[in-house]
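Some notes on the structure that comes next.
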Amino acid sequence: MRDMVHVNVTDDLPIRAKALPFADRVEIRFGKAFPVVLIVDRDALATLAEAIETGRAQLEAANAHSQDAT
């Protein structure tokens, strides 16, 4: 079984993005004291954004479904 890192992103978690043009990547830092850094290649940015948007749409659909059931 592979290990997995979990990062719980909340609305009060500091998130900072920085372009790394020399590496053709974006660095996304989560947190302050012990930050977790996500490095995303330019070619993967659209895929990451799409995955986040898909997850958001699924949450909204689930929320709408649960409200309809009540």
Side-chain angles (χ1 to χ4, degrees):
M1 179 185 219
R2 297 181 65 178
D3 292 333
M4 186 178 296
V5 175
H6 292 259
V7 178
N8 188 20
V9 178
T10 60
D11 64 343
D12 61 345
L13 177 70
I15 301 174
R16 297 170 310 285
K18 178 180 177 183
L20 305 174
F22 58 89
D24 206 27
R25 296 176 175 158
V26 172
E27 173 187 275
I28 304 170
R29 287 183 174 252
F30 300 91
K32 284 187 178 182
F34 301 101
V36 171
V37 179
L38 177 66
I39 304 292
V40 185
D41 289 345
R42 177 191 300 266
D43 294 341
L45 285 170
T47 304
L48 176 61
E50 183 179 316
I52 291 170
E53 192 53 43
T54 297
R56 178 192 299 221
Q58 291 172 350
L59 281 175
E60 290 174 359
N63 188 35
H65 178 65
S66 68
Q67 289 180 355
D68 290 343
T70 57

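Position 1 is the first residue of the sequence; numbering continues from there. Side-chain atoms are counted along with the backbone in the values below, which use heavy atoms only and exclude waters and symmetry mates.
- No continuous path of hydrophobic side-chain contacts links Phe30 to Met4 [ILVMFWY only; heavy atoms under 4.5 Å].
- Two different hydrophobic clusters hold Ile52 and Ile39 under the rule that ILVMFWY side chains link at heavy-atom gaps under 4.5 Å.
- Val26 and Ala17 make their closest contact through CG1-CB, 4.4 Å (heavy atoms, listed as atom of the first residue, atom of the second, distance).
- Sorted by first and then second residue, the side chain to side chain donor-acceptor pair (under 3.5 Å) pairs involving residues 50-63 (not counting sequence neighbours) form an empty list.
- The only option from Leu38, Val40, Leu20 that meets the side-chain contact (heavy atoms from CB on, under 4.5 Å) definition with Glu27 turns out to be Leu20.
- Here the straight-line distance linking atom CG of Asp41 with atom CG of Leu48 works out to 11.5 Å at 0.5 Å rounding.
- Scanning all heavy atoms of the two residues, the minimum distance from Leu13 to Asn8 falls at CD2-O, 4.0 Å.
- Under the 4.5 Å side-chain heavy-atom criterion for ILVMFWY residues, a single connected hydrophobic cluster contains both Val5 and Ile28.
- Around the CZ atom of Arg16, the shell of radius 6.0 Å holds more than 12 heavy atoms that belong to other residues, nucleotides or ligands.
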